[in-house]
Amino acid sequence: MIHRKTKVFVTRKIPGAGLQLLQKQCLVKVYPHDNIISEQELIRGVRWCDALLCLLTDKITKKVIDVNPRLKIIANYAIGYDNIDVKYATEKGIPVTNTPNEFITDAVAEHTFALMLAVTKRIVESDRFIRKGKYKGWAPMLLLGTELKGKTLGIIGLGRIGSGVAERASHGMGAKVLYYDVKRNLPFEKKYHAIKTSIQDLLTKSDIVTVHVPLLKSTYHLIGRKELAMMKKTAYLINTSRGPVIDEEALVQALQKKKIAGAALDVYEKEPHLAKGLEKLKNVVLTPHTASATIEARSAMSEMAARNILAVLQGKRPPQLVNPEVYGKKVQRK
Ligand code: GLV
């Protein structure tokens, strides 16, 4: 049983059934504006609540966590949780949860594909070309792109999304799959005729490199100047993971100097700002961190975040816990 006066603060209106699920059992306050919440407003909400439902744009720092010693859960509305100081939350015994699910996996894998096709087939460039009135009739050399069939796709990070991309590339497009991950996955290799390589081999051999790792200290600038220099001049780089995994300034330079053929990005190093010169490049396709923006995915995320909160408020372990250590040891609360 949850006490009816249990307070949940939600940092932005979210789609789907999550809010109603919470409202049935708790007192819910949703930040009412359509902008990223300021630290001040966030702190005000955290101080007020028992449970926090936050977004990947909210920095849940030590300072924010410390304003409320009663905080029972930090439920992120995202798969990634690099916006949260998980180490500190764990020290304080606060469960942190996220929202991975099959819908978000499919949404991001599909979006990765959309970016891949858009950049290799020059779809956005073509659209702009027509709208500017430049189309004067069919021409043999007009906006030549490249095909995916038979090409080598290098997947960095073989989690759910990386595997979803591999499935589509191998079974749907007839591409060859290389992958790099800290773990080897033999069933995956068999199913998709995939080969595990070093990151260097993957970069030198792939026609398309796609990144699907979480942002960690060890993945920060995983793709920098040196790595970009290893890629083929004809290769493309796709990123739907987290911006800082790629050194964006180095990427702009590589693209300007035609060291690689193109890039398609959904995430940026200093979101929502872009590295200088990125928006001027023709061989780049950009989307505003919308890879998971399908009705299916965002609704499933909403329900999952709510279920994580309700479980904790009922004294249960939440279904999508990212810091299981909080249940493993006796932790100090203030
Ligand atoms: C989106 O970027 C997510 O982590 O869910």
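Computed from heavy atoms alone, side chains included, the values below leave out hydrogens, waters and symmetry copies. One-based numbering along the sequence shown. Numbering of ligands and ligand atoms starts at 1, following listing order.
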Chemist: Can you confirm, on distance only, whether ligand 1 has an N/O atom lying under 3.5 Å from any N/O atom belonging to Arg242?
Modeler: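 Looking only at distances, the answer is yes, because the N/O contact criterion of under 3.5 Å is met.
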Chemist: Which ligand 1 atoms does Gly80 reach within 4.0 Å, using its non-hydrogen atoms?
Modeler: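 Within the 4.0 Å cut-off of Gly80, ligand 1 contributes 3 (C), 4 (O).
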Chemist: Could you tell me if the side chain of Tyr268 sits less than 4.5 Å from the side chain of His289, heavy atoms only?
Modeler: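 In short, these two side chains do not touch, never coming nearer than 4.5 Å.
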Chemist: Who's the nearest protein heavy-atom neighbour of atom 5 (O) of ligand 1, and how far?
Modeler: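 The protein heavy atom lying closest is Ile79 N, 2.7 Å.
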Chemist: Heavy-atom contacts under 4.0 Å between Leu56 and ligand 1: side chain, backbone, both, or neither?
Modeler: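 For Leu56, the contact with ligand 1 is made by the side chain alone.
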Chemist: Test salt bridge (charged side-chain N to carboxylate O under 4.0 Å, His left out) on Asp50 and Lys5 and set out the steps.
Modeler: CA-CA 10 Å; Asp50 299 290; Lys5 287 197 180 133; over 6 Å; no
Chemist: When you look at Asp85 and Lys59, which way does the salt bridge (charged side-chain N to carboxylate O under 4.0 Å, His left out) test go after all the steps?
Modeler: CA-CA 8 Å; Asp85 188 339; Lys59 301 269 175 272; over 6 Å; no
Chemist: Which pairs pass ring pair (Phe, Tyr, Trp, His ring centres under 6.0 Å) with one or both residues in residues 189-218, sequence neighbours excluded?
Modeler: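 Listed by first then second residue: His171-Tyr192, Phe188-Tyr192.
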Chemist: For ligand 1, which atoms sit closer than 4.0 Å to a heavy atom of Ile104?
Modeler: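 Atoms satisfying the 4.0 Å criterion: 5 (O).
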Chemist: Taking atom types as modelled, is there a side-chain donor on His221 or Glu269 under 3.5 Å from an acceptor on the other?
Modeler: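 Judged by distance alone, the side chains do pair up.
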Chemist: In ligand 1, which numbered atoms sit nearer than 4.0 Å to a non-hydrogen atom of His289?
Modeler: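 Those of ligand 1 that fall under 4.0 Å from His289 are 1 (C), 2 (O).
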